Asker: 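Dropping the structure in here first, questions after.
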Amino acid sequence: MMKFKIATVLMKFKKIVLNHYYFLTPLLLFLSFPFSEYFPLFPLFAHFAFIPLFYKMRGNGFGKNLILSFLTGIFIFLLLNSWMRKFGAGASGGEAVILLALIPALSAQFALKCAITEKLASYNERFRLIIFPGVWLFFDFISNLGFIAFPWNFLGYSQYPLTSYIQTASIGGVYAVTFAVLFSNIIFTDLMLKRSMLSSLKSKDILISILKKIRPVIVLNCVIILFGIVRLNIPKEAATPKKMKFAIVQNCQNPWDNWIKYRYQFLNDHLNFSQRIIDENPDTDMIVWSESATLEPVSYQLRHGQHSKFVQIISDYARQQSKYILTGEIGKERPSIGKSEWYNSACLIAPDGTLAGYHYKTHLAPVGEWFPYAKWFPSFQEYLYSMGSSDFTPGKSMTIMKAGNYSFFTAICYESIFSGINRKFPEAGADFAVVITNDGWSDSYQGHYQHFSSSVFRAVETGLWYVRAGNSGKSALINPEGRVTAEMPILKRGSFAASADFSENRKTLYSKFGDSFLFLYFFVCIMLLIFSLIKTKLAGRGQ
């Protein structure tokens with residue numbers, strides 16, 4: 001009797017697994033993005049992570065696919081983005097509120113993307129390999145737009161350690177790499193759908209048939225890798241070196257934890273870490289501190305000659321060392337009418353201790369740094385304050401600053417994930433980029449590295465050096481090819497020095513033309529969809 005019950009349970013379990021195998025996709029996607037320093041093979045999993053879900057969706061109606069992909073999305077984002085709940089740790093029940101709001105919202109967006117993409121691709125199977133990625137990339141593109149834009153977890157970002165593979169980003173941005181990874185998933189899904197036909201063939205014929213069906217993937221990936229190898233090994237023209245050395249500080253302390261009480265301790269830590277590395281590298285040109293390294297209106301005071309003791313210490317230190325200091329700060333403006341406006345800001349202090357430039361963050365993190373609908377939901381805004389949310393004002397434009405003979409722009413935290421923002425600056429004359437961020441609140445390996453991967457892509461897209469200073473990491477220097485030339489482990493306190501040679505900067509098609517190639521691809525997909533719909537309608541009339 002007991003054996004019978006066990007057998008019955010096992011049969012039921014087997015049936016559940018066979019009916020819901022698409023839940024393997026969340027696990028495979030989790031394995032496709034960085035989650036541990038001891039698992040370097042994660043980029044490979046992205047190329048087949050979506051097979052279970054795509055296989056299950058094929059042939060279903062729109063409504064069923066919407067439900068399937070929504071349920072799958074719940075598990076995907078729980079595994080990939082549950083670390084974001086830490087933002088709500090400051091309020092009672094805050095972490096649960098973040099999860100209950102964020103995960104369903106991301107899952108709904110994911111479900112619409114999957115269901116609409118499959119529906120449109122199904123109109124003409126001959127063009128599936130073109131239409132499916134095109135619709136998918138359209139959804140990725142529009143996730144960059146609006147006040148609550150969230151262009152995170154693009155499939156292409158999973159490939160960031162593969163330097164040769166990601167060189168196509170210099171042409172089509174991260175979307176080009178996402179296309180390649182998605183293409184593999186579609187081809188392998190088609191192969192799985194035809195497995196019954198393959199099973200009737202002889203062993204030798206099966207292998208030949210499989211190779212024929214995956215030939216497009218083999219060809220595409222060989223072309224991508226070959227392009228990357230060639231691009232990385234093209235001899236560079238002899239040029240006069242344009243070198244600059246940076247001292248990057250990673251303090252690993254939360255400045256938002258009772259700033260008023262501990263601000264001088266935080267400042268002394270930054271100064272000590274800076275001095276330690278300057279003593280070892282006296283030829284350092286610029287000291288870089290992270291986002292929120294100071295929570296004082298440094299640039300405002302320097303502009304108006306209102307030097308507090310705190311700001312005076314920083315100004316004096318820059319003058320004593322004769323170095324540039326780039327630091328995160330709180331920007332301030334006092335309009336003639338109304339209350340003061342506060343900004344998440346970065347400012348550059350010159351070697352003579354004066355203000356050399358500042359930048360107000362233009363693209364604030366939704367909910368965390370501002371809530372654009374506060375006037376309609378004031379109670380919710382108050383609850384966000386209890387979590388630790390800020391109420392910054394968005395800056396109006398990105399700013400180019402100048403340090404000696406070289407120009408640069410600063411991307412503050414969230415700004416670094418927007419390729420459209422970053423790609424404009426090489427044409428505007430920037431020699432390098434600085435990313436300052438504070439990811440310590442995420443308290444996770446995933447959070448730090450998911451964010452870091454975007455900086456690698458921005459370097460390839462723009463062809464510029466990227467200097468990255470994170471409060472808790474990941475701090476690094478990234479060359480224009482996406483190679484990390486110097487770095488510090490996450491969650492380690494300290495500082496390091498690294499040099500960049502701006503004569504190695506590269507012109508890129510993506511920097512010059514932006515998403516023009518993507519728009520052209522969208523146009524081709526629209527034409528194919530119109531053709532497919534007309535053909536389907538005419539075929540219906542013929543019957």
Side-chain angles (χ1 to χ4, degrees), residues 160 163 166-167 169-170 231-232 234-250 273-274 277-278 280-291 321-327 346 348-351 356-357 359 398-412 415-416 422-423 425-437 452-470 473-488 494-508 510-511:
Y160 85 90
T163 306
I166 66 174
Q167 295 306 304
S170 66
R231 186 172 189 269
L232 292 173
I234 291 176
K236 298 179 177 66
E237 294 182 11
T240 304
K242 299 178 179 179
K243 291 189 175 182
M244 193 168 183
K245 181 173 277 190
F246 302 90
I248 302 171
V249 174
Q250 187 169 291
F273 283 131
S274 300
I277 204 67
I278 288 173
E280 297 172 2
N281 299 270
D283 56 339
T284 294
D285 299 294
M286 180 187 289
I287 302 166
V288 185
W289 296 349
S290 71
E291 176 191 25
Q321 299 299 325
S322 192
K323 312 291 185 190
Y324 285 96
I325 298 178
L326 181 74
T327 180
L348 180 68
I349 302 169
H359 163 62
M398 295 289 284
T399 308
I400 286 186
M401 292 185 260
K402 199 167 183 66
N405 296 322
Y406 306 117
S407 299
F408 70 98
F409 70 96
T410 303
I412 303 175
E415 289 177 320
S416 66
N422 288 251
R423 71 99 184 162
F425 284 94
E427 292 294 308
D431 296 297
F432 66 100
V434 179
V435 176
I436 58 172
T437 185
F452 173 72
S453 64
S454 64
S455 293
V456 174
F457 271 84
R458 299 298 87 83
V460 178
E461 290 167 354
T462 61
L464 299 180
W465 284 85
Y466 266 63
V467 183
R468 198 173 195 274
K474 182 161 174 84
S475 299
L477 188 66
I478 308 167
N479 78 2
E481 297 166 346
R483 289 191 174 106
V484 177
T485 62
E487 61 186 317
M488 175 169 280
S495 55
F496 67 100
S499 295
D501 183 353
F502 308 136
S503 68
E504 297 175 3
N505 288 349
R506 311 186 66 153
K507 299 286 186 182
T508 69
Y510 189 74
S511 180

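Computed from a predicted structure; not experimentally measured. Throughout, numbering of the chain's residues begins at 1 and tracks the sequence.
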Asker: Can you name the ring-ring contact (aromatic ring centres under 6.0 Å, His included) partners of Y406, sequence neighbours left out?
Answerer: F502
Asker: When you measure from the side chain of D431 to the backbone N and O of S407, does any donor-acceptor pair fall under 3.5 Å?
Answerer: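 Here the side-chain-to-backbone pair exists.
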Asker: When you measure from the side chain of T437 to the backbone N and O of G470, does any donor-acceptor pair fall under 3.5 Å?
Answerer: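 Not at all, since once roles are kept as given, no pair shorter than 3.5 Å links the two residues.
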Asker: Looking at N505 and F432, would you say the former's side chain and the latter's main chain have a donor-acceptor pair under 3.5 Å?
Answerer: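 Checked: no pair found.
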Asker: Kindly say whether P282 contributes a backbone atom to a donor-acceptor pair with the side chain of K323 at under 3.5 angstrom?
Answerer: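 A pair under 3.5 Å: yes.
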Asker: Residues two or more places apart in sequence or in another chain: which of them pass side chain to side chain contact (heavy atoms under 4.5 Å, CB included) with S499?
Answerer: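 In terms of side chain to side chain contact (heavy atoms under 4.5 Å, CB included), with neighbours along the sequence ignored, S499 is linked to K245.
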Asker: Using 0.5 Å steps for rounding, measure from the OG1 atom of T410 to the CG atom of L326.
Answerer: 4.5 Å
Asker: Hey, mind stepping through V456 and Y466 against side-chain contact (heavy atoms from CB on, under 4.5 Å) and telling me if it holds?
Answerer: CA-CA 8 Å; V456 174; Y466 266 63; over 6 Å; no
Asker: Find the distance between CG (D283) and CE (M244) and round it off to the nearest 0.5 Å.
Answerer: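 It is 12.0 Å, given to the nearest 0.5 Å.
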Asker: Between the side chain of D501 and the main-chain N/O of T240, is any donor-acceptor distance below 3.5 Å?
Answerer: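 No: the side chain of D501 does not pair with the backbone of T240.
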Asker: Using the six-membered ring wherever Trp is involved, compare the ring planes of Y160 and F452 and label them parallel, tilted or perpendicular (cut-offs 30° and 60°).
Answerer: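 Because their plane-to-plane angle is over 60°, the rings of Y160 and F452 count as perpendicular.
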Asker: Can you sort out the partners of Y324 under ring-ring contact (aromatic ring centres under 6.0 Å, His included), two or more places apart, ordered by chain and number?
Answerer: none
Asker: Charged N to carboxylate O below 4.0 Å: is that the case for E504 and R483?
Answerer: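 Salt bridge between E504 and R483, a charged N being under 4.0 Å from a carboxylate O: no.
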Asker: Does a side-chain N-to-carboxylate-O contact under 4.0 Å join E487 and K474?
Answerer: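 Salt bridge: yes.
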Asker: Taking the side chain as C-beta and beyond, is there a heavy-atom pair between I400 and F425 under 4.5 Å?
Answerer: yes
Asker: Report the distance from atom CD of E427 to atom OG1 of T508, rounding to the nearest 0.5 Å.
Answerer: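 The distance works out to 8.0 Å.
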Asker: Could you measure the distance from the CZ atom of F496 to the CD1 atom of I248? Nearest 0.5 Å is fine.
Answerer: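 F496 atom CZ to I248 atom CD1 measures 3.5 Å (nearest 0.5 Å).
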Asker: Report yes if some heavy atom in the side chain of N405 is under 4.5 Å from a heavy atom in the side chain of K242; otherwise report no.
Answerer: no
Asker: Supply the atom-to-atom distance S511 OG to R506 CZ, rounded to the nearest 0.5 angstrom.
Answerer: 13.5 Å
Asker: Does F273 offer a backbone N or O that forms a donor-acceptor pair with the side chain of S495 under 3.5 Å?
Answerer: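 Pair found, side chain donor or acceptor close to backbone of F273.
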Asker: Does the side chain of T485 come under 3.5 Å of the side chain of W465 through a donor N or O and an acceptor N or O?
Answerer: no
Asker: Output the distance between atom CD1 (I166) and atom CZ (F457), rounded to the nearest 0.5 Å.
Answerer: 5.0 Å
Asker: With the side chain counted from C-beta on, respond yes when Q321 and I278 share a heavy-atom pair under 4.5 Å apart, and no when they do not.
Answerer: yes
Asker: Would you say R468 and R458 make side-chain contact, with heavy atoms under 4.5 Å?
Answerer: no
